Colleague: 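Below is one structure. I have some questions about it.
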Amino acid sequence: MFYKDPWAALAWLEAAFGFARSMVVRDAEGRLVHAEMRFGDCYIIVDSEWADYVTSPASVSGKNTQSVYVRLKDSIDAHCEHGRAAGADMIQEPTDQLYGERQYRARDPEGHVWTFTQTILSVPREEAERLGDVQIEGWHR
């Protein structure tokens, strides 16, 4: 995840979404060179706009070329409210999905889109295909 202000991003991701810093590397001038943040068993890398081919959505009119998808074990509605209280821009309120997930989407202060999801019901692939009128190869259940 590339940010114009990676130090602010680290603090905000901790406060809003519950990520924890696991590594922070600074150069001789104190600039962030590399940072890792953990959330459960997963981690993300937070960095600055260090080259002309990496950028924050804040530098390109809020456009995203990716989205981070985080699966929560429980308490998705409380997680959403915590993010909202910290200033996350909710672009999709917590909603039950036909494939058995409850999820919400939020933008962080620089425009990255985050999807948080929680499994609420085990739905067989065939049922998800029928309900969504789609064909699915593979299945995560």
Side-chain angles (χ1 to χ4, degrees), residues 1-129 131-141:
M1 308 291 299
F2 299 104
Y3 288 89
K4 291 174 81 165
D5 186 346
W7 292 110
L10 292 172
W12 192 87
L13 291 168
E14 287 172 326
F17 294 148
F19 283 85
R21 297 176 203 201
S22 57
M23 181 191 307
V24 177
V25 181
R26 309 166 200 253
D27 67 12
E29 287 78 43
R31 291 182 299 240
L32 184 89
V33 175
H34 176 86
E36 294 179 10
M37 299 189 86
R38 297 258 175 215
F39 187 92
D41 296 335
C42 301
Y43 73 94
I44 62 169
I45 295 173
V46 173
D47 209 338
S48 62
E49 297 177 316
W50 55 270
D52 63 355
Y53 57 87
V54 296
T55 192
S56 164
S59 295
V60 289
S61 303
K63 292 181 172 63
N64 277 239
T65 60
Q66 82 289 321
S67 177
V68 180
Y69 191 91
V70 180
R71 178 164 281 118
L72 304 174
K73 292 181 180 178
D74 56 26
S75 306
I76 191 163
D77 292 285
H79 191 269
C80 176
E81 288 309 313
H82 188 82
R84 184 189 323 275
D89 174 23
M90 295 301 155
I91 57 177
Q92 177 193 331
E93 294 294 327
T95 307
D96 294 349
Q97 304 298 316
L98 62 91
Y99 43 86
E101 298 287 314
R102 182 165 178 79
Q103 66 184 211
Y104 78 91
R105 286 189 176 88
R107 273 194 188 90
D108 69 22
E110 288 202 18
H112 291 282
V113 174
W114 296 79
T115 300
F116 291 92
T117 189
Q118 175 187 339
T119 302
I120 56 172
L121 179 66
S122 180
V123 176
R125 180 182 53 86
E126 296 79 11
E127 181 71 1
E129 287 179 324
L131 292 170
D133 194 25
V134 295
Q135 293 181 343
I136 302 170
E137 293 181 32
W139 194 238
H140 298 284
R141 307 261 187 256

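Here the structure is a predicted model, which means the values were calculated and not measured.
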Colleague: Determine yes or no for a side-chain-to-main-chain donor-acceptor pair under 3.5 angstrom, with Asn64 supplying the side chain and Pro57 the backbone.
Modeller: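 Pair absent, no side-chain N/O of Asn64 close to backbone of Pro57.
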Colleague: Would you say that more than 12 heavy atoms from the other residues, nucleotides or ligands in this model lie under 6.0 Å from the CD of Gln66, or not?
Modeller: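 Result for CD/Gln66: enclosed.
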Colleague: Can you establish whether the number of heavy atoms outside Glu137 located under 6.0 Å from its atom CD is more than 12?
Modeller: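 Open: at most 12 neighbouring heavy atoms sit under 6.0 Å from CD of Glu137.
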Colleague: I want to check something: taking the side chain as every heavy atom from C-beta on, are Ile44 and Leu13 in contact at a cut-off of under 4.5 Å?
Modeller: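 Yes - at least one pair of side-chain heavy atoms lies under 4.5 Å apart.
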Colleague: Between Phe17 and Trp12, does the ring centroid distance fall short of 6.0 Å?
Modeller: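 Yes, the ring of Phe17 comes within the 6.0 Å limit of the ring of Trp12, centre to centre.
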Colleague: Within the structure provided, determine whether Asp77 and Arg102 are in side-chain contact (heavy-atom separation under 4.5 Å).
Modeller: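 When only atoms from C-beta onward are counted, Arg102 and Asp77 do touch, with a gap below 4.5 Å.
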Colleague: What I'd like to find out is whether the side chain of Asp108 reaches to under 4.5 Å of the side chain of Tyr3, using heavy atoms alone.
Modeller: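 Of all side-chain heavy-atom pairs linking Tyr3 with Asp108, at least one is under 4.5 Å.
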Colleague: Counting C-beta onward and ignoring hydrogens, is there a side-chain heavy-atom pair between Val70 and Phe19 closer than 4.5 Å?
Modeller: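 Sidechains of Phe19 and Val70: in contact.
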Colleague: Looking at side-chain heavy atoms only, is the closest gap between Asp47 and Val54 below 4.5 Å?
Modeller: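 A side-chain contact is absent here, since even the closest heavy-atom pair is not under 4.5 Å.
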Colleague: Passes side-chain contact (heavy atoms from CB on, under 4.5 Å), Arg26 versus Trp7? Steps please.
Modeller: CA-CA 11 Å; Arg26 309 166 200 253; Trp7 292 110; 3.4 Å; yes
Colleague: Evaluate salt bridge (Lys or Arg N to Asp or Glu O under 4.0 Å) for Glu14 paired with Arg21, printing each intermediate quantity in order.
Modeller: CA-CA 8 Å; Glu14 287 172 326; Arg21 297 176 203 201; 3.0 Å; yes
Colleague: A side-chain contact here means heavy atoms from C-beta on lying under 4.5 Å apart; do Arg84 and Tyr104 qualify?
Modeller: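 Arg84 vs Tyr104: side chains apart.
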Colleague: Ignoring hydrogens, what is the shortest heavy-atom contact between Phe2 and Thr55? Give both atom names and the distance.
Modeller: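 Of all heavy-atom pairs spanning Phe2 and Thr55, the closest is CB-O, 3.7 Å.
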Colleague: So do Glu49 and Ser59 actually touch side chain to side chain, heavy atoms under 4.5 Å?
Modeller: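 Yes. Closest side-chain heavy atoms under 4.5 Å.
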Colleague: Can you find a heavy atom in the side chain of Val68 that is under 4.5 Å from one in the side chain of His112?
Modeller: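 No, every pair of side-chain atoms sits at 4.5 Å or beyond.
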Colleague: Cut-off 3.5 Å, no hydrogens considered: what does the side-chain donor-acceptor table look like for residues 33-43, sequence neighbours left out?
Modeller:
{"from": "His34", "atom 1": "NE2", "to": "Glu36", "atom 2": "OE2", "distance (Å)": "3.0"}

Colleague: Begin from the C-alpha positions of Thr115 and Arg105 and carry the test side-chain hydrogen bond (donor to acceptor under 3.5 Å, both in side chains) through to its verdict.
Modeller: CA-CA 4 Å; Thr115 300; Arg105 286 189 176 88; 3.0 Å; yes
Colleague: If you look at every heavy atom in Glu93 and Cys80, which pair is closest and at what distance?
Modeller: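 Answer, listing the atom of Glu93 first, then Cys80: OE1-SG, 4.4 Å.
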